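First up is the structure itself, then whatever we jot down about it.
Heads up: numbering here begins at 1 and tracks the sequence. From a predicted model like this one, the values you see are computed outputs, not experimental measurements.
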Amino acid sequence: MKSIKNDYFKIIFISFLFTFAIAIFQCVNDDFLTHISRTYNLAISFKNGNFNPYMYQSCYFKYGYPFGIFYPDTFLKPFAFLILIGIPIYFSMMVMLFCINIATLLIPYQLLKRTKWKDEAFTISLIYFLYPYRLMDYTLRFSIGELMFFVFFPFILYGLYQMFIENKFSFGLFLGFWGIVHSHILSILLLLLFLVIYYIWNIKKWNLNILKWTSINAVLVLISCIDVYLPILEAQLTEDLLYEVNPAFMGELIENAVQIGKPNIILQTTTIGFIVFLIYRMMKKKNLITNSIFCFVILFLLTTNLFPWNWFPVLNIIQFPFRFFVYGCIPWILLVKKLNDLTKTHSTIGMECVKVFCVIELILAFAFCSIYRPYTFSEMYANVGAGDYINAEVDSYDLTFFEHNQNKDENILTTDYLSENGFLPVFYYGRYVIEKDGKILPYENREGLLYIDGLEDGIVSVSYKNTFIQNFSYLVGIISTIGIGIYIYKKEKRQI
């Protein structure tokens, strides 16, 4: 018991140190403004009485952006509530990071306590926490979505371990999927690809129980995550919307890959052949260290233009090939753990190496954070959505117009520009209500823009109403999640 309490203290202390590394410099990382804007604008929606906003009306100088549809905000809501009750915005974000750090250490720790590695639970959890790609997400990119992926991914691994190794039913797949679905849509694509590879790799272990348990988890995910995927389907099927990344803003996978010369079709085909060869060697040889190194070689090749990403345009939505390094946490754990075991002696040299490595990574975290400047409120207020998921022409809207023609004190749009052009340069997702002097104005959608007939100079208010499907799916999602959660809790309690 004393050892467990010590582990809890270490988890809290390490989480605080890595949060302090961000807080002390008040740094603006790559995606920091987007996520702080999402949280702040969610707090504004709460203040206006909308606790389930699919359109964040205060974004883009109050023109609105549908983050509620395309970027799940379930885990932002507690921290938006902190802002609502008067907690400073930046401090609320630091509380969020602190909670993410604790969860990233505590969840694998608790799950490992249920396995044969229970005596090494803290060491393995710390190795997982210190995975360099995760720390890059934390210190350089501030990618909340991918950080949340690392929080819930251990549930997936635990579920697979119980089903394929211990031959037991597990809710691990459901818990992992539910958390990732409600955190980051793009990570779901990465997770599905991982599971496809894992199930094919272990096809010889398939049996009726595994197929049945997998199906149960899948059904539970479909029911409890309806509040995420149903609004997306509605937007795709009923509006002029292409759910894709606009190449003008985000680029394609092949363009965002590490550029190594100008590879031709022969070199790219050779790369695929080499990857296939490495996979074949991994299947034949079960050497843990060698296979871990092979995994990193494959992941590196996937991040370069040596791999023919241009052959798979459907995957461009992933945006950046380096995202595939989320998979690297598995060979990372296996490799570091194996090296730790090999160097372990009666003087615990292996564990001392892990501690030294932890200190080095903390120093690097401070060093990376120190190069960033503090944010400004005006930047935070405007920086939400950079053009992804847009179906309109690139030159059909202008953010300088947003800045100079917006009354920032009220949720209204001045229309001296609109009367000349006859359209609102907003992103069309339907269910806009446009009013002038208490009268609702009709509008027409043309390639993602709202064209208004008979518009005169004056003040026009634009608001967004949730659809029936959005409200229905949200209600079903909450009820089913609570019901499934209570059932899992009671079932686990009986087993204990």
Asn264: side chain to side chain contact (heavy atoms under 4.5 Å, CB included) partners, not counting sequence neighbours: Ile266, Leu267
Salt bridge (charged side-chain N to carboxylate O under 4.0 Å, His left out) partners of Lys212, counting only residues at least two apart: none
cation_pi(Arg281, Phe294) dist<6.0 Å, angle<=45: no
Pairs satisfying salt bridge (Lys or Arg N to Asp or Glu O under 4.0 Å), at least one member in residues 181-200, at least two apart: none
Test item: Phe75 and Met96 side chains (from C-beta on) under 4.5 Å apart, heavy atoms: no
Which residues share a side chain to side chain contact (heavy atoms under 4.5 Å, CB included) with Ile469, sequence neighbours left out: Leu230, Glu234, Thr467
Near-ring test Tyr199/Phe164, centroid separation under 6.0 angstrom: yes
Within-4.5 Å side-chain heavy-atom neighbours: Trp178 and Leu220: no
Minimal non-hydrogen separation, Ala43 against Ala80, with atom names: CB-O, 3.4 Å
Close side-chain approach of Leu195 to Ile156, heavy-atom, < 4.5 Å: yes
Qualifying side chain to side chain donor-acceptor pair (under 3.5 Å) pairs, either residue in residues 292-304, two or more places apart: none
Residues in side chain to side chain donor-acceptor pair (under 3.5 Å) contact with Asn471, at least two apart in sequence or another chain: Asn466
Distance-minimising heavy-atom pair for Ile124 and Ile333: CG2-CG2, 3.8 Å
Side chains of Val258 and Asn305 in contact at under 4.5 Å (non-hydrogen atoms): no
Geometric class of the Phe307/Trp309 ring pair [parallel <30°, tilted 30-60°, perpendicular >60°]: tilted
Side-chain H-bond candidate by donor/acceptor type, Tyr158 with Gln162, under 3.5 Å: yes
Nearest-0.5 Å distance that lies between atom CG in Asn52 and atom NZ in Lys77: 5.0 Å
Pair Tyr161 and Trp117, ring centroids less than 6.0 Å apart: yes
Donor-acceptor side-chain pairing of Asp227 and His182 below 3.5 angstrom: yes
Validation: residues 98-105 side-chain donor-acceptor distances under 3.5 Å, sequence neighbours left out:
{"residue": "Asn101", "atom": "ND2", "partner": "Ser15", "partner atom": "O", "Å": "3.4"}
{"residue": "Asn101", "atom": "ND2", "partner": "Thr19", "partner atom": "OG1", "Å": "3.1"}
{"residue": "Asn101", "atom": "ND2", "partner": "Leu97", "partner atom": "O", "Å": "3.3"}
{"residue": "Asn101", "atom": "ND2", "partner": "Tyr138", "partner atom": "OH", "Å": "3.1"}
{"residue": "Thr104", "atom": "OG1", "partner": "Ile100", "partner atom": "O", "Å": "2.6"}

4.5 Å side-chain heavy-atom contact, Phe46 and Ile83: no
Plane angle bin for Tyr487 and Phe171 - parallel if under 30°, tilted between 30 and 60°, otherwise perpendicular: perpendicular
Any side-chain heavy-atom pair of Trp201 and Met282 under 4.5 Å: yes
Pair Phe18 and Phe129, ring centroids less than 6.0 Å apart: yes
Lys10 NZ/CZ over Phe122 ring centroid, <6.0 Å and within 45° of normal: yes
Which atom of Asp73 lies closest to which atom of Gly68, heavy atoms considered: OD2-CA, 4.2 Å
Residues forming a side chain to side chain contact (heavy atoms under 4.5 Å, CB included) with Pro72, sequence neighbours excluded: Ile185, Val228
Beyond-backbone contact of Tyr128 with Phe150, side-chain heavy atoms, under 4.5 angstrom: yes
Contacts of type side chain to side chain donor-acceptor pair (under 3.5 Å), residue Tyr198, not counting sequence neighbours: none
Distance (rounded to the nearest 0.5 Å) between Ile482 CD1 and Ser224 OG: 12.0 Å
Partner residues of Leu208 under the side chain to side chain contact (heavy atoms under 4.5 Å, CB included) criterion, sequence neighbours left out: none
Side chains of Ser170 and Trp213, donor plus acceptor under 3.5 Å: no
Set of ring-ring contact (aromatic ring centres under 6.0 Å, His included) partners for Phe149, sequence neighbours left out: Phe153
Exercise: identify the closest heavy-atom pair between Ile210 and Asn207: N-OD1, 2.8 Å
Gap separating the CG atom of Leu306 from the CG atom of Leu301, nearest 0.5 angstrom: 6.5 Å
Non-hydrogen side-chain atoms of Phe13 and Leu17 separated by less than 4.5 Å: yes
Residue pairs involving residues 157-170 (criterion salt bridge (Lys or Arg N to Asp or Glu O under 4.0 Å); sequence neighbours excluded): Glu166-Lys168
